[in-house]
Peer 1: 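Got a structure for you, written out below as structure tokens; questions coming shortly.
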Amino acid sequence: MIDFHCHIDLYRNAKAIIEEADARGAYILAVTTTPKAWTGTKQLIGDRKRIRVALGLHPELVPDRHAEVPLLEHYLSETRYVGEIGLDGGSHMRGSFVLQERVLARILKACEADGKKIISLHSRRAANGVIDALLDSPKAGTPILHWFSGSVAELDRATSAGCWFSVGPVMLRSAKGRRLVELMPADRVLTETDAPFAKIQGKSLMPWDVQLAYSYLAKIWNRSEQEVASQLKCNLKALLADFD
Ligand code: MN
């Protein structure tokens with residue numbers, strides 16, 4: 001199973017959950033929310049074949065943490081994975097939107113300068129802004145829009161811009177989410193949990209709960225869960241093949 005956007009360092013018992021996820025054979029992209037978390041999260045994960053750490057600066061933390069952009073640039077050459085970065089256009093973030101745009105543009109330019117990255121992006125209420133930023137930095141790497149929740153028109157634009165998508169159980173529980181996934185190119189879809197933030201019935205998802213997404217995808221794609229699993233594995237392989 002593949003959980004390509006998980007804040008695994010933010011569980012209270014992170015060490016035990018990393019052990020269990022690894023033992024279950026999960027492929028995980030452990031995204032981080034601040035450049036200061038990079039070193040600690042790398043140490044926490046240790047040397048594991050199927051778990052990778054991404055260097056991030058979450059847009060909702062940009063107002064408090066934008067001074068850490070140089071630190072992100074400093075660590076950038078150590079990894080090919082960047083995330084979580086992006087834009088949040090929610091009403092609580094309106095005051096920092098211009099700053100968020102500046103930070104995102106600067107990070108994407110740094111990615112271009114360092115060589116292409118695999119980038120997990122937040123785009124809540126700001127899909128067009130994220131796509132604009134990506135089009136301004138076409139050599140930043142391969143963007144993966146996580147938990148995409150924009151309009152169908154924005155989805156079309158993102159697809160044309162070469163974006164990938166990571167989709168999870170909570171998104172797939174909603175009819176709107178399923179409709180969007182239906183319209184995504186199946187060969188550019190990965191699964192995610194966005195745990196521990198993402199919850200079902202008040203309970204944080206675990207990385208292995210990503211399996212819940214497989215049954216939804218089986219219905220949407222009209223395939224067996226086993227075929228879904230092999231499609232997703234194929235997608236992951238294709239994504240990484242560009243970077244070897
Ligand atoms: Mn997230």
Side-chain angles (χ1 to χ4, degrees), residues 4-7 9-10 29-38 41 53-77 79-114 116-151 153-168 170-171 177 180 192 194-198:
F4 217 68
H5 183 110
C6 181
H7 299 269
D9 58 329
L10 300 183
L29 185 64
V31 293
T32 54
T33 55
T34 71
K36 277 192 180 153
W38 169 250
T41 305
V53 185
L55 173 63
L57 176 48
H58 195 291
E60 287 180 291
L61 297 182
V62 161
D64 291 336
R65 301 297 195 112
H66 59 96
E68 290 179 40
V69 172
L71 194 60
L72 186 146
E73 290 169 335
H74 171 75
Y75 290 131
L76 195 58
S77 64
T79 182
R80 66 166 81 138
Y81 300 96
V82 172
E84 171 167 7
I85 62 169
L87 297 175
D88 193 299
S91 53
H92 66 302
M93 296 301 293
R94 215 153 278 160
S96 69
F97 198 74
V98 173
L99 180 61
Q100 290 181 56
E101 287 180 313
R102 279 213 301 269
V103 166
L104 177 61
R106 183 163 157 184
I107 295 172
L108 293 174
K109 289 294 166 205
C111 292
E112 284 196 304
D114 192 62
K116 56 184 187 169
K117 307 291 184 185
I118 293 171
I119 310 168
S120 186
L121 291 134
H122 174 113
S123 58
R124 183 169 56 202
R125 294 177 188 264
N128 274 323
V130 169
I131 297 162
D132 289 341
L134 292 168
L135 292 172
D136 277 343
S137 293
K139 293 188 182 118
T142 304
I144 302 169
L145 301 187
H146 111 85
W147 200 331
F148 181 84
S149 57
S151 66
E154 287 167 326
L155 177 63
D156 285 345
R157 244 193 115 209
T159 304
S160 303
C163 291
W164 286 55
F165 304 91
S166 57
V167 305
V170 181
M171 173 180 181
L180 288 168
E192 65 163 41
D194 201 18
F197 295 123

Peer 1: Any salt bridge (Lys or Arg N to Asp or Glu O under 4.0 Å) involving residues 116-131? Give me the pairs, sequence neighbours left out, ordered by first then second residue.
Peer 2: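 Those involving residues 116-131 are Glu60-Arg124, Asp88-Arg124, Asp114-Lys117.
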Peer 1: Taking atom OG1 of Thr32 and atom CH2 of Trp38, what is their separation to the nearest 0.5 Å?
Peer 2: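 CH2 of Trp38 is found 7.0 Å from OG1 of Thr32.
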Peer 1: Taking all non-hydrogen atoms of both residues into account, name the closest pair between Phe148 and Ala127 and its distance.
Peer 2: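 The pair with the smallest heavy-atom distance is CE1-CB, 3.8 Å.
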Peer 1: Would you tell me whether His146 and Ser120 have side-chain atoms, one donor and one acceptor, within less than 3.5 Å of each other?
Peer 2: no
Peer 1: Are side-chain heavy atoms of Gln100 and Val103 found at a separation under 4.5 Å?
Peer 2: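 No, their side chains stay 4.5 Å or more apart.
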Peer 1: Answer whether the closest heavy-atom distance between the side chains of Ile118 and Trp164 falls below 4.5 Å.
Peer 2: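 The answer is no; the side chains never approach within 4.5 Å.
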Peer 1: Quick one: CD1 on Ile107 to CD on Glu112, what's the gap to the nearest 0.5 Å?
Peer 2: 13.0 Å
Peer 1: Taking Ser166 for the side chain and Phe4 for the main chain, is one N or O donor matched with an acceptor at less than 3.5 Å?
Peer 2: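 Judged by distance alone, no pair lies under 3.5 Å.
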Peer 1: Does a side-chain heavy-atom distance below 4.5 Å link Trp147 with Val167?
Peer 2: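 In short, these two side chains do not touch, never coming nearer than 4.5 Å.
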Peer 1: Would you say that Tyr81 contacts Leu29 through its side chain, given a criterion of any heavy-atom pair below 4.5 Å between the two side chains?
Peer 2: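 When only atoms from C-beta onward are counted, Leu29 and Tyr81 do touch, with a gap below 4.5 Å.
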Peer 1: Please tell me if the side chains of Leu108 and Ile85 come closer than 4.5 Å, counting only heavy atoms from C-beta onward.
Peer 2: yes
Peer 1: What pairs with Glu101 under side chain to side chain contact (heavy atoms under 4.5 Å, CB included), at least two apart in sequence or on another chain?
Peer 2: Leu87, Phe97, Val98
Peer 1: At their closest point, which heavy atom of Asp9 faces which heavy atom of Ala37, and how far apart are they?
Peer 2: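 The pair with the smallest heavy-atom distance is OD2-CB, 4.2 Å.
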Peer 1: Identify, with sequence neighbours excluded, every residue that meets side-chain hydrogen bond (donor to acceptor under 3.5 Å, both in side chains) alongside Ser77.
Peer 2: none
Peer 1: Compile the donor-acceptor pairs under 3.5 Å between side chains in residues 130-145 and protein atoms, sequence neighbours left out, one pair per line.
Peer 2:
{"residue": "Asp132", "atom": "OD1", "partner": "Arg157", "partner atom": "NH1", "Å": "3.4"}
{"residue": "Asp132", "atom": "OD1", "partner": "Arg157", "partner atom": "NH2", "Å": "2.6"}
{"residue": "Ser137", "atom": "OG", "partner": "Lys109", "partner atom": "NZ", "Å": "3.2"}

Peer 1: When you compare the side chain of Thr33 with that of Leu57, does any pair of heavy atoms fall below 4.5 Å?
Peer 2: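 Result no, sub-4.5 Å side-chain heavy-atom pair not found.
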Peer 1: With a 3.5 Å distance limit and no angle check, can you tell me whether Ser96 reaches the backbone of Leu99 through a side-chain donor-acceptor pair?
Peer 2: no
Peer 1: Please list, chain by chain and in numerical order, all residues satisfying side chain to side chain contact (heavy atoms under 4.5 Å, CB included) with Phe197, sequence neighbours excluded.
Peer 2: His7, Leu10, Asp194
Peer 1: With side-chain contact (heavy atoms from CB on, under 4.5 Å) as the criterion, how do Leu155 and Phe165 come out once you've worked through the C-alpha distance, each side chain's angles and the decisive distance to 0.1 Å?
Peer 2: CA-CA 10 Å; Leu155 177 63; Phe165 304 91; 3.4 Å; yes
Peer 1: Which pairs of donor and acceptor atoms, one on a side chain in residues 62-72, lie under 3.5 Å apart (sequence neighbours left out)?
Peer 2:
{"residue": "Arg65", "atom": "NH1", "partner": "Glu68", "partner atom": "OE2", "Å": "2.5"}
{"residue": "Glu68", "atom": "OE1", "partner": "Lys36", "partner atom": "N", "Å": "3.0"}

